[in-house]
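Structure record follows, encoded as structure tokens.
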Amino acid sequence: MMYSKVIGTGSYLPEKVLTNHDLENMVDTSDSWIRSRTGIEQRHIAADNEMASDLALNACRKAMKAADVSADEINLIIVATTTPDMTFPSTACILQYKLGIKDCPAFDVQAVCSGFIYALATADMFIRAGRCRTALVVGTEIYSRILDWTDRSTCVLFGDGAGAMLITQSDQPGILSNHLHADGSYYNTLSLSGNICSGKIKGNPYVSMEGNTVFKFAVKVMEEIVHETVAENNLQISDIDWLIPHQANIRIIQSTAKKLGIPMEKVVTTIDKHGNTSAASIPLALDLALRDGRIRPGQHVLLEGVGGGFTWGAVLIRW
Ligand SMILES: CC(C)(COP(=O)(O)OP(=O)(O)OC[C@H]1O[C@@H](n2cnc3c(N)ncnc32)[C@H](O)[C@@H]1OP(=O)(O)O)[C@@H](O)C(=O)NCCC(=O)NCCS
């Protein structure tokens, strides 16, 4: 049996920090409202000359260093992003060039905040099928460019950043299972509906969402996907050592953990310092928990995400 094994992770946050207090000077909001409703204290904002591929490049270099893998050993690149450098080519191709990798499949996936889960599941299936030895999987986002900075209901929620993971073929797990879902009947609930026509954005160029609907849906599926994942692996919820959920709102994370009976001590959270970095939030949180020594060999780590579409999914890893 062939598995994918994680051999390195890396992450990158842009230098500029935007605090809730900074936002108080921009829109009619308050630090206490943002903290109490979302758990967010600050977020990072990319510099004008930084693109999603630049954030990704920094995260990938750290992952490659951690894994001791050189560019010519990578034979698949999948980038999850909602904020690509260009309409085309893919950010994965631009990243491939910046990394100096000569020839391997490289493509983007678009599943919004579930993007990293979709990308990792896809790379896992390439490896299990024997079509690739070592894959680079990245979530990278610059949401600051698609926010209406006069709309307090959305601009306080998001941040920029990137996270990367290297996985390779192994006869030992590794990734135990992946689970992907989508329900397109909600496509209008969380969206950026503008589209590019003759070089101009036609329609609304900013994130719009029905916050309450997203909140309720997220709590529901974040619980369901954990049950689905542990059942398929003949495990109990108590066997999960670390839950690493998409970081959208601390109240979504706490409600999910409570419904599952998972103590918050076993949940990795970064929402306070990063905000919602969409496809980057899960690999950013994972990299943090690995580097600070929380995740140890033999432990079960469950990654789960939910996002626009709606899309949702999970990947269970035995570390
Ligand atoms: C967006 C979200 C934080 C709003 O929290 P909420 O508790 O549902 O708040 P409501 O939308 O009911 O708004 C309550 C009040 O706060 C106000 N408000 C909204 N944003 C505000 C802000 N940044 N600062 C101050 N007040 C704000 C609203 O106008 C409303 O005022 P009103 O009662 O006078 O009408 C919450 O719904 C959420 O997190 N949803 C999920 C969003 C998400 O995760 N999206 C990405 C998914 S991947």
Side-chain angles (χ1 to χ4, degrees), residues 18-43 80-83 109-119 139-144 146-161 163 180-184 186-193 206-225 244-257 267 269-272 274-285 303-314:
L18 187 73
T19 65
N20 292 348
H21 293 294
D22 295 328
L23 280 164
E24 285 174 349
N25 299 320
M26 297 163 66
V27 284
D28 181 15
T29 192
S30 65
D31 174 54
S32 68
W33 191 96
I34 303 172
R35 274 176 201 256
S36 62
R37 302 290 178 116
T38 71
I40 300 169
E41 294 168 15
Q42 62 168 57
R43 69 288 291 140
T81 187
T82 311
T83 51
V109 300
Q110 166 55 297
V112 204
C113 299
S114 312
F116 186 79
I117 297 293
Y118 266 67
T140 182
E141 299 284 16
I142 305 191
Y143 259 61
S144 58
I146 57 168
L147 296 172
D148 177 354
W149 288 101
T150 65
D151 175 10
R152 67 178 184 176
S153 69
T154 51
C155 76
V156 304
L157 301 176
F158 297 91
D160 302 337
L180 299 179
H181 294 270
D183 182 348
Y186 287 94
Y187 80 94
N188 261 334
T189 307
L190 173 56
S191 65
L192 190 159
S193 59
Y206 300 121
V207 172
S208 65
M209 91 185 158
E210 294 167 26
N212 279 321
T213 309
V214 178
F215 192 102
K216 284 181 202 143
F217 190 89
V219 172
K220 177 176 162 291
V221 298
M222 289 291 85
E223 181 194 3
E224 284 172 5
I225 196 80
I244 307 190
H246 168 53
Q247 311 282 314
N249 184 318
I250 195 68
R251 292 188 294 134
I252 295 177
I253 297 172
Q254 287 166 340
S255 304
T256 305
V267 182
T269 61
T270 55
I271 181 84
D272 54 340
H274 301 175
N276 179 349
T277 57
S278 191
S281 90
I282 294 170
L284 269 162
L303 315 179
E304 60 165 347
V306 59
F310 286 131
T311 54
W312 65 104

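All values below come from the heavy atoms of this structure, side chains included, with hydrogens, waters and symmetry mates left out. Here, residue 1 is the first one in the sequence, and each next residue gets the next number. Numbering of ligands and ligand atoms starts at 1, following listing order.
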### Query
Would a 4.5 Å heavy-atom cut-off, applied to side chains only, mark H181 and V221 as touching?
no
### Query
Which residue supplies the protein heavy atom nearest to atom 39 (O) of ligand 1, what is that atom called, and how far is it?
N249 ND2, 2.6 Å
### Task
Answer yes or no: does an N/O atom from T29 fall short of 3.5 Å to an N/O atom of ligand 1?
yes
### Polar proximity ligand 1 side, H246 side, N/O cut 3.5 Å exclusive
no
### Query
Hey, does V27 have a side-chain heavy atom less than 4.5 Å from the side chain of C155?
yes
### Message
For a 4.5 angstrom cut-off between non-hydrogen side-chain atoms, does L23 reach L18?
### Response
yes
### Query
How many angstroms lie between CE in M209 and CG in L157, if you round to the nearest 0.5 Å?
4.5 Å
### Summary
V156 heavy atoms within 4.0 Å reach ligand 1 at atoms 23 (N)
### Query
When you check the side-chain N and O atoms of T83 and E141, is any donor under 3.5 Å from an acceptor?
yes
### Task
Could you list which atoms of ligand 1 come closer than 4.0 Å to a heavy atom of V306?
48 (S)
### Task
Provide the number and element of each atom of ligand 1 under 4.0 Å from a heavy atom of N276.
46 (C), 48 (S)
### Query
Among protein heavy atoms, which lies nearest atom 5 (O) of ligand 1, and at what distance?
R251 NH2, 3.6 Å
### Task
Please indicate, with yes or no, if any protein heavy atom is found under 4.0 Å from atom 33 (O) of ligand 1?
no
## Note on the structure
Nearest non-hydrogen protein atom to atom 29 (O) of ligand 1, with distance, is R152 NH2, 2.9 Å
### Query
Rounded to the nearest 0.5 Å, how far does CH2 of W312 lie from CG of D183?
5.0 Å
### Query
OG1 of T19 to CZ of R43: how many Å apart, nearest 0.5 Å?
7.5 Å
### Task
Say whether T38, considering both its backbone and side-chain N or O atoms, lies within less than 3.5 Å of an N or O atom on ligand 1.
no
### Verdict with supporting geometry, I34 and R37, side-chain contact (heavy atoms from CB on, under 4.5 Å)
CA-CA 5 Å; I34 303 172; R37 302 290 178 116; over 6 Å; no
### Task
For G115 and V109, work out which heavy atoms get closest and say how close.
O-CG2, 3.7 Å
### Message
Closer than 4.0 Å to some heavy atom of G211 - which atoms of ligand 1 meet that?
### Response
37 (O), 40 (N), 41 (C)
### atom 12 (O) of ligand 1 [closest protein heavy-atom partner, distance rounded to 0.1 Å]
N212 ND2, 3.9 Å
### Within-4.5 Å side-chain heavy-atom neighbours: Y143 and V207
yes
### Query
Looking at atom 42 (C) of ligand 1, would you say a protein heavy atom lies below 4.0 Å from it?
yes
### Summary
Taking only non-hydrogen atoms of S153 and a 4.0 Å limit, the atoms of ligand 1 in range are 20 (N)
### Query
Taking distance alone, with no angle check, do C113 and ligand 1 share an N/O pair under 3.5 Å?
no
### Task
Would you please test F158 and L147 for side-chain contact (heavy atoms from CB on, under 4.5 Å) and show each step?
CA-CA 8 Å; F158 297 91; L147 296 172; 3.6 Å; yes
### Query
Is there a side-chain contact between N249 and F215 (heavy atoms, below 4.5 Å)?
yes
### Task
Determine, counting only non-hydrogen atoms of the protein, whether one lies under 4.0 angstrom from atom 3 (C) of ligand 1.
yes
### Task
Pull out every atom of ligand 1 sitting under 4.0 Å from any heavy atom of A248, numbered as shown with elements.
44 (O)
### Message
How far is atom 19 (C) of ligand 1 from the closest protein heavy atom, and which atom is that?
### Response
W33 CZ2, 3.5 Å
#### Entry: Nearest protein heavy atom with distance in Å, relative to atom 47 (C) of ligand 1
V214 CG1, 3.5 Å
### Message
Run the side-chain contact (heavy atoms from CB on, under 4.5 Å) test on R251 and V219 for me, step by step, so that the C-alpha distance in whole Å, both residues' side-chain angles and the decisive distance to 0.1 Å come before the verdict.
### Response
CA-CA 9 Å; R251 292 188 294 134; V219 172; over 6 Å; no
### Task
Look at atom 23 (N) of ligand 1 and say whether a protein heavy atom is found at less than 4.0 angstrom from it.
yes
### Message
Suppose we measure from atom 14 (C) of ligand 1 to each protein heavy atom; which comes out shortest, and what is that distance?
### Response
R37 NH1, 3.5 Å
### Task
Could you tell me the residue and atom name of the protein heavy atom closest to atom 45 (N) of ligand 1, and the distance to it rounded to 0.1 Å?
M209 SD, 3.4 Å
